[in-house]
Amino acid sequence: MSILVGQDTRIVVQGITGKQGTFHSMQMLEYGSNIVAGVTPGRGGVKFNEAVPVFDAVETAVRELGANTSIIFVPAPGAADAVLEAAASGITLVICITEGVPAMDMIGVLSYLRGSNVRLIGPNCPGAISPASLCRVGIMPSEIHTPGRVGVVSRSGTLTYEAVNALTQFGIGQSTCVGIGGDPLVGTSFVDVLTMFEDDDETEAIVLIGEIGGNSEQEAAAFIKSGGVSKPIVSLIAGQSAPPRKRMGHAGAIVTGKSGTAEEKIRALSEAGTTIAPSVESLGEVMKQVLRGSTA
Amino acid sequence: MSILVGQDTRIVVQGITGKQGTFHSMQMLEYGSNIVAGVTPGRGGVKFNEAVPVFDAVETAVRELGANTSIIFVPAPGAADAVLEAAASGITLVICITEGVPAMDMIGVLSYLRGSNVRLIGPNCPGAISPASLCRVGIMPSEIHTPGRVGVVSRSGTLTYEAVNALTQFGIGQSTCVGIGGDPLVGTSFVDVLTMFEDDDETEAIVLIGEIGGNSEQEAAAFIKSGGVSKPIVSLIAGQSAPPRKRMGHAGAIVTGKSGTAEEKIRALSEAGTTIAPSVESLGEVMKQVLRGSTA
Amino acid sequence: MKLHEYQAKSILASYGMPVPRSGVATTPQEARDVARHVGTPAFVKAQVHAGGRGKGGGIKLIESAEQAEDVAASMLGSRLISPQTSLTGAPISIVLVEESLDIEYELYLGIVIDAIAQAPVVIASKAGGMEIEEIALEHPGLILREVVQPTVGFRAYQGRRLAHAMGLPSNLANPVADQMMRLYKAFVDKDCSLVEINPLVITKSGQVMVLDAKMTIDDDAAFRQPDMPSLRDWTQEDILEAKAGQAGLAYVKLDGDVGCLVNGAGLAMATMDAIKASGCFPANFLDVGGGAEPIRVAEAMGIILADPQVKRVLINVFGGIARCDDIAEGIVRSYLDSGKELPLVVRFLGTNKDEGIRILKEAKPDTIFVDYISEATKVLQDITIQ
Amino acid sequence: MKLHEYQAKSILASYGMPVPRSGVATTPQEARDVARHVGTPAFVKAQVHAGGRGKGGGIKLIESAEQAEDVAASMLGSRLISPQTSLTGAPISIVLVEESLDIEYELYLGIVIDAIAQAPVVIASKAGGMEIEEIALEHPGLILREVVQPTVGFRAYQGRRLAHAMGLPSNLANPVADQMMRLYKAFVDKDCSLVEINPLVITKSGQVMVLDAKMTIDDDAAFRQPDMPSLRDWTQEDILEAKAGQAGLAYVKLDGDVGCLVNGAGLAMATMDAIKASGCFPANFLDVGGGAEPIRVAEAMGIILADPQVKRVLINVFGGIARCDDIAEGIVRSYLDSGKELPLVVRFLGTNKDEGIRILKEAKPDTIFVDYISEATKVLQDITIQ
């Protein structure tokens, strides 16, 4: 087993005929992901890559082809609507890649999803990949991933790729890698993913990659400290050199109070018993040591 | 035991210093109801009737005096806000007497309350009374009620008083009488109240008073038919002589389709096995026969 | 309150919904000028608060500005009788002159507040042009519904879903969904209880257009809709109902001869039912309301007495908030004002019943007092026999 | 994007929030005329995108219109340096001349989007006039919060609750709550990420007034806020940051000399961290983004090279969506344009890495290629030593 995505995942790509949607759908198909349908309103009836049916609405993909997971490449103005459509159509996992979704839209979406059985990952995230089942629902480069027993969860995209690359180079494979997104308002938190990794038989250790801004790393630390996670965790926080009050790319990566600084996050995660990696390159080596320690 | 209101009810009156609030608070106090506080924003600090403290906010009444039930006499433009304040302050039963609350306001309120543990009765309702515990949280004339084992639920105000009067004149007392309100959008339905009466040891039989418009009587009939209520029910529907498309006073009392007609409602309730009373005056006699039948 | 078609269209246009070129006229000459401006062929449409205008001759195609003048002359000042008006019809004091379009699709689009969903529901049908009740009877499968989640409002995907289900080509899904979202925004902003665009058309050139529009505003929200009073056209309502409405009374004119004044809507309906069951016919529904002051009761009574069909009057009051003595005073006042000698049957119960009876006895000694509604209907029958 | 005080006040006034009498001026003469119109004593307030204006001399009381002219003359064209600006300060090109009020209460009122509550939160404090960060440090108990439920919006009772908790007299609760509801409506309508009224004052005559206002619009919502571009004042931002912003690049100017171009915000931060950990200092944060086309990379590189503080450049790209050859082409283009001979350290990984290296080697043979970030920082240190 992996978490979130795996062999039972039946993907519908929302915005499959757009530039990003087309590129990554091809990549996902090449990797082996089970894309059952695409959706582009107004383009229903065509075939993507001469094989994948494209519909006007998500509900058709759910009803006719049993889609259960959606990945969204719809441009920002329509992204909230795409999430709501997926949720209203019976999709239970929605992965929103789109960057730049207005905060007010996300407030509505998150309020709507609360109490439903629909999980949203993102927006502004790289998605999730479970190498053992060759299931990639995201935009990460496939080739750096290798099956294994370390779960990776991160707020960042390329930094996660570096981290995975570092693990793979040290011969450490991954159960599932999840990017939860760089926006302040996201559907799934560190704590949510940590809970899933804790419950996952195939995950033995966890890499947590945080960054400045907000306090989701502190929430994660508190959760770990309270016994929520028994598996070993290696953590890394980006942005130690970032100045205050400046948005470092991600909408969420801005230090506004003391709790948003890298120092505070590192302190909290260290106090919670996680091992702090000094750099992304060191992750492979640090994890190797941690795994050796936990086995001993 | 009675339902909704009883000896544990600790009332806060929202809008206690207004004309309606003052009049009915006096009436409730005379009956014996336990009004612990009143609320009128901007008037905090005064005493009502030289005894009941008046606060600026409902939360003070909850925190300092353990209020658990609110009755609202606030004028329509502020009524939705009053319900939300009560709900957010820890009140678990909100009875909104106010008439003329905009439908859009109620849509917001009902959406907010869904999934919470707060029950709203009304708006545009006479409230609830449990004669055995001398607990009146409403605007009904006290003197017509007498303790007993018949539960009364109704969409109407004065028609309910007639019904209760007819019961009392036949020596039939009431466990609790509840007016759910004459608007199309109300917090508590016939089905909700029937469920409570079914579960109430002190209720032996039920009077259900419906009227034209909407289809909450049909919902009730379906619920009864499906076995939701085992106790005998006498029902009465007002508006058999009403013309279509005309609003008969209550915002909800308007026949727009076939399902809104008195005939359809009577048919459904009759098929569900309830006894139809030919007129409000006959209620006492019909109920007497029903009770005799169920005892025999 | 209901709006006229031209008022509703003007509101919808302000939300970016396309409407045909048109103009209103209150005189035949104006109609001619507008027709010149709009171009012909065009339609002259009577502005009344009722559906079924086409069947009642309220929508006429004209080929020239002169014909527009003639048609307007025949409409203005007359009354339109349709299946949805009263027998006397609705007065026409304004006409709308509107361009004629080449139509490809005729759709029905409406929004109502649904009591079961406790939310607004957007209704659409490809059987536009028919009344929704007709569609419901004849083609129930063609009525499509999307419930709105109040938290996020009506969404584009719901609009596209409706468009597809109506069988529109894919390329129309987004433009039609866009119009639905605009309509929803207007519905919420203006506190509507109903909007109907019937038909929403798609022209041969692919343009979406509001061809007819009905809009009803939630009267309870009047306090926050400052523009609404100026849009109200009382002349479209029964004169007594309009008078009652202005006085804030719930009154509905009926066809019988027993005037009724009751406190409480449910009791008023039950009273009407009892009258009818006894073989008599109520002349009206009237709920005088909870806190009935004498002056308000007098107004209510005045409306009942102003109805020439009323031959006898029944008062049924269960005093609670309402006090029987207040009611009695109001009745006395209006009876004296009216100078009418109609028989009066009174049932008082509850608060200050005896005082109420005393006041009435003194002022109108022939008042008949009863204790039960059944007694009242029996007395009314006797009055008929006399 | 941030708005100026006068812009924010004009928006809030359109929502019915009372603001003092005032006018803007871009010349000393205008300032004098406005002061005559507004009346004296009054304040001249520098319009810059930064807090702490008072401490920086950006708010001055004037007693006469002539004095307004003098003060405006000294402000306009100068730069305001406050604890919240960069060391070089923010340029003053507009001043606001505003009436002076007799103040009874000075409150803080703000709305932000709270990531934990996943909702807007209204923040209030009776310690108005102080920066919210100062209040948080010195009087954390004086900061009050009300989370908004998106379904029903900010409600009057929440406003009254805040008013009472701030210790205002009961009779001010409703008027203050009313202002909060107006502010919330503006916040939602305008897609704000932050509004702050600091202070919201209550005058001795009991009137609630917006004395200072900050408003930040969610850049992501620009597509539905058509008025916003015209309100943007790029001169208030660092010139290179402004240039990057207009090109849609995430760029932050820093104080070091190592220019960095990275794809991905997290990786860019991690790269900066590594540079700093090695004892060097980054000159900037720059995320060239996912689908980096050559032209976009060239623009990004141009911004880095335009910074006179930059003495060496590090490229760190993990190719995925972004292709290393595209990146290389963009770099070559801007290096040629700039004519600069700065040392270049490049780490390419992933998509089309070899092709990227080939392109760079050909165009700039002295480029140093590395495989690891740690290797890159080591090389950068060596360059310093040279």
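Keep in mind that what you see is a predicted model, and the values were worked out from it rather than measured. Order of the sequence lines fixes the chain letters, A, B, ..., with proteins taken first and strands second; residue numbering starts at 1 for each chain.
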Under 4.0 Å between a side-chain nitrogen and a carboxylate oxygen: does that hold for R247(B) and E241(C)? no

Which residues pass the side chain to side chain donor-acceptor pair (under 3.5 Å) test with K288(B), sequence neighbours left out? none

I need the M269(C) CE to I212(B) CD1 distance, nearest 0.5 Å. 5.0 Å

If you take all heavy atoms of G266(C) and H250(B), which pair is closest and at what distance? N-CE1, 4.1 Å

Nearest heavy atoms of A238(B) and A270(C), plus distance in Å: CB-N, 4.1 Å

Below 4.5 Å from any heavy atom of chain B, which atoms of F223(C) appear? Answer side chain, backbone, both or neither. side chain

Where does V188(C) contact chain B at under 4.5 Å (heavy atoms): side chain, backbone, both or neither? both

So OG1 of T98(B) and CG of D220(C): to nearest 0.5 Å the spacing works out to 11.5 Å

Let me know if D255(C) has heavy atoms under 4.5 Å from chain B in its side chain, its backbone, both or neither. neither

Using 0.5 Å steps for rounding, measure from the CD atom of E162(B) to the CG atom of L267(C). 5.0 Å

For chain C, which candidate among E219(B), R155(B), H24(B) shows the most heavy-atom pairs at distances under 4.5 Å? H24(B)

Determine the option with the most heavy-atom pairs under 4.5 angstrom with chain C, choosing from K246(B), E143(B), E211(B). K246(B)

In terms of heavy-atom contacts, L185(B) and A115(C) come closest through CD2-CA, 3.9 Å

Under 4.5 Å from any heavy atom of chain B, what part of L349(C) do you find: side chain, backbone, both or neither? side chain

Supply the atom-to-atom distance R114(B) CZ to T151(C) OG1, rounded to the nearest 0.5 angstrom. 8.5 Å

Any salt bridge linking E293(C) with K19(B)? Criterion: basic side-chain nitrogen under 4.0 Å from a carboxylate oxygen. yes

Largest heavy-atom contact set with chain B, pairs under 4.5 Å, which of D273(C), I373(C), V262(C): D273(C)

Interchain contact, S111(B) with chain C, by part (heavy-atom threshold 4.5 Å): side chain

Answer with yes or no whether the side chains of T158(B) and N263(C) bring together a donor and an acceptor at under 3.5 Å. no

Tested for side chain to side chain contact (heavy atoms under 4.5 Å, CB included) against Q118(C), the lone hit among L110(B), I107(B), L113(B), V109(B) is L110(B)

Toward chain C, the part of P184(B) with a non-hydrogen atom under 4.5 Å: both

Could you walk me through whether M272(C) and M248(B) pass the side-chain contact (heavy atoms from CB on, under 4.5 Å) test, one step at a time? CA-CA 11 Å; M272(C) 284 162 51; M248(B) 308 305 271; 3.5 Å; yes

Chain C contact via I144(B) - which portion, at a heavy-atom distance below 4.5 Å: side chain

I'd like to know whether CD of E285(B) has more than 12 heavy-atom contacts from other residues, nucleotides or ligands below 6.0 angstrom. no

Heavy atoms, side chains only, cut-off 4.5 Å: are L254(C) and P243(B) in contact? yes

Part of N284(C) within contact of chain B (heavy atom distance under 4.5 Å): neither

Does any backbone or side-chain atom of Y161(B) lie under 4.5 Å from a heavy atom of chain C? Answer side chain, backbone, both or neither. both

With a strict 4.5 Å heavy-atom criterion, list every residue of residues 72-81 of chain B that contacts chain C, or say none. P77(B)

Could you walk me through whether N165(B) and F318(C) pass side-chain contact (heavy atoms from CB on, under 4.5 Å), step by step? CA-CA 10 Å; N165(B) 194 46; F318(C) 202 120; 4.0 Å; yes

Around Y372(C), counting heavy atoms of other residues, nucleotides and ligands shown, do more than 12 lie under 6.0 Å from its OH? no

Can you tell me how far the CE atom of M104(B) sits from the CG atom of D189(C), to the nearest 0.5 Å? 9.5 Å

Could you tell me the separation between the CD1 atom of I116(C) and the OG atom of S216(B), rounded to the nearest 0.5 Å? 8.5 Å

Indicate yes or no: does R224(C) engage D105(B) in a salt bridge with an N to O separation below 4.0 Å. yes

Other residues, nucleotides, ligands: >12 heavy atoms within 6.0 Å of L137(C) CG: yes

Under 4.5 Å from any heavy atom of chain B, what part of A117(C) do you find: side chain, backbone, both or neither? backbone

Looking at chain C, which one of S154(B), S156(B), A103(B), G239(B) has the largest number of heavy-atom pairs inside 4.5 Å, strictly under? G239(B)

